[in-house]
Amino acid sequence: MRGLLKSDFGRLFKSVIFYILLVVTFFGSMYSEYETWSDPECTCVEHRAGDFWFLILMFVSIMVPMFVCTDFSCGMIRNKITVGYSRAKVYASSLITSVTSTLLIVAAWFLGYYPIGVAHFGFNNDNWPVADLVLGYMGFVVMIVAFTAGIHFVCTLVTKKALVIVMSILFVLLYTTFFQPMVLIYGYSNETITVIKNEDETEEGLVVTYTEEENPYYFEDGTPIKTAARAVDTFFVPGQIVMLSSMQKDRTSVFVGYDIVVTIIIVAVGNAVFARKNMK
Amino acid sequence: MDYVIEADRLCKNYGSRHRVLKEFDIHVPKGSIYGLIGKNGAGKTTFMRIICGVQPLTSGEFSLFGAKSSDTNAVRKARERISAVIESPSFYPHMSAKDNLIQQYTLLGIPSTEGIDELLELVGLLNTGKKKVKDFSLGMKQRLGIAMALAGSPDLIILDEPMNRLEPEGVVELRETILRLNKERDITFVISSHILNELSKIATDYGFIRDGKLIEEITARDLEAKLSSSSHRTLEDYFLDLMNR
């Protein structure tokens with residue numbers, strides 16, 4: 001196992017794309033800092049700290065397939081098995097390396113965001129319970145780990161780098177509702193939506209006022225598109241229920257627990273599938 | 001006689017209908033250069049994949065250095081003594097030949113990188129420097145695959161169509177390398193090839209495979225005697241006759 005890990009980490013630390021993503025993440029966090037600074041509602045760094053996860057999910061969608069699928073496309077996975085490593089060890093080693101690369105990207109984000117952010121805004125000015133804050137962060141990190149484990153599993157099934165990258169990015173866009181067609185799907189549920197009415201520069205900073213407008217994507221009950229949208233929405237409901245319930249102050253542990261359970265299930269299923277896979 | 005590989009009624013099915021290996025028996029003597037000969041789709045590569053563990057078998061049993069396939073841990077341990085180049089050689093295309101060999105050494109748990117230059121020289125790739133493998137010619141890639149297979153001094157090397165894509169000089173170099181390693185280091189080779197003329201220059205034993213079954217095993221010496229006493233003049237004639245029976 002040590003040889004496998006050394007080989008996988010050696011390859012990761014020679015990967016140019018990994019360093020590019022680390023640098024972009026670091027400077028991306030700086031940009032997010034600027035956005036935090038521009039938001040008059042932010043009184044402490046924690047207000048927008050959760051913004052990091054979208055960018056990181058996108059980078060993980062690129063990094064993990066680049067790393068894992070290469071092993072399949074060039075036949076090295078075959079080589080690892082041939083020289084006597086068990087499939088479980090091969091799977092575990094590449095998963096550990098993938099998760100570590102993800103955690104290093106998360107660390108790059110925090111390193112870019114926190115030192116300046118805390119100095120500028122202060123830490124926890126809203127006096128949230130520290131345990132909730134820590135659990136909240138842990139929740140996001142474990143969610144990203146679950147996502148990494150998910151992509152890692154897909155890589156062992158599909159093995160085509162470009163295809164997995166596209167699938168993963170689409171999933172992230174769908175899941176985070178940044179994707180316009182997904183706005184159609186998610187927007188169906190309310191007749192009105194909240195939009196920015198005005199942004200005024202004042203002595204106290206930028207003041208934004210909001211207004212309610214008719215939702216152009218709203219669909220009447222019974223239409224086919226509403227039925228389809230509801231079906232997609234339902235697909236994500238189990239996760240959403242747990243996540244929404246964990247958004248309450250005293251429920252963040254549910255979020256962490258949910259993501260840990262998801263990670264364990266994905267790894268167990270992935271390992272079982274990989275153990276029976278015919279390698280090309 | 002000591003056998004490195006023995007197989008007893010090996011079967012491999014893809015789905016319920018497609019049977020690739022049908023009660024396949026084989027005996028590869030220790031220290032031999034075993035030529036596995038058959039038409040495309042006969043099951044040669046599948047057999048090699050099963051021995052290497054990249055494909056599970058459907059039924060039957062094989063032993064590798066005496067370790068039975070039913071004993072998963074023992075056979076995995078035995079695999080530490082083998083190397084293989086099946087279909088296309090395995091390496092990271094964005095790395096140099098030397099970096100690929102360093103990766104292979106790391107995988108094999110060899111702490112020192114001594115011997116890498118020697119391996120590169122052996123396959124004629126010592127002067128490739130930092131050139132990435134993706135920019136290599138097909139022949140160079142094949143030679144690197146063989147260098148990777150030689151890393152860690154295995155006792156058994158499995159080569160699937162190693163002479164394909166090699167230029168004539170490369171074929172001669174490969175032949176001499178195989179003969180030298182077999183003689184000097186007592187490495188057993190299992191080689192499948194369609195270039196029967198070349199195979200006949202190195203093989204000490206043959207196995208003929210048709211439709212997933214090994215139909216004949218014969219030593220090179222016995223085959224030579226058969227050829228001299230029959231109308232067949234070459235290995236190719238003998239093979240064609242066997243396949244058409």
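Order of the sequence lines sets the chain letters (A, B, ...), proteins ahead of strands, with each chain counted from 1. The shown structure was predicted, so the numbers you read here are calculated from the model rather than taken from an experiment.
With a 6.0 Å radius and a threshold of 12 heavy atoms from other residues, nucleotides or ligands, Lys161(A) has its NZ atom above the threshold. Annotation for Arg9(B): atom CZ does not count as buried by contact number, only 12 or fewer foreign heavy atoms lying within 6.0 Å. Heavy atoms from other residues, nucleotides or ligands lying under 6.0 Å from CD of Glu118(B) number 12 at most. Under a cut-off of 6.0 angstrom, the local environment of NZ in Lys14(A) is crowded, with over 12 non-hydrogen atoms contributed by other residues, nucleotides or ligands. Within 6.0 Å of OH on Tyr19(A) lie more than 12 heavy atoms contributed by other residues, nucleotides or ligands.
Using a 4.5 Å heavy-atom cutoff, the side chains of Met95(B) and Arg11(A) are in contact. The shortest side-chain heavy-atom distance between Leu107(B) and Lys6(A) does not fall under the 4.5 Å cut-off.
Between the OH atom of Tyr92(B) and the OG atom of Ser7(A) there is a distance of 5.0 Å, given to the nearest 0.5 Å. If you take NZ on Lys80(A) and CG on Leu108(B), they are separated by 12.0 Å, rounding to the nearest 0.5 Å. Atoms CD1 and OG, from Ile77(A) and Ser90(B) in turn, are 10.5 Å apart once rounded to the nearest 0.5 Å.
For Lys12(B), the part lying under 4.5 angstrom from a heavy atom of chain A is the side chain only. Neither the backbone nor the side chain of Arg2(A) comes within contact range of chain B; no heavy atom of the residue lies under 4.5 Å from a heavy atom of that chain. Heavy atoms closer than 4.5 Å to chain A are found in the side chain of Tyr14(B), but not in its backbone.
Minimum heavy-atom separation, Arg87(A) to Gln55(B): NH2-N, 3.9 Å. Nearest heavy-atom pair, Ile81(A) versus Arg79(B), reported as atom, atom and distance to 0.1 Å: O-CD, 4.1 Å.
Ranked by non-hydrogen atom pairs under 4.5 Å with chain A, the options Lys77(B), His94(B), Glu80(B) are led by Glu80(B).
Although no hydrogens or angles enter the test, the distance criterion places no donor-acceptor pair under 3.5 Å between the side chain of Tyr85(A) and the main chain of Arg76(B). Judged by distance alone, with hydrogens and angles left aside, the side-chain atoms of Arg78(A) form no donor-acceptor pair with the main-chain N or O of Cys52(B) at under 3.5 Å.
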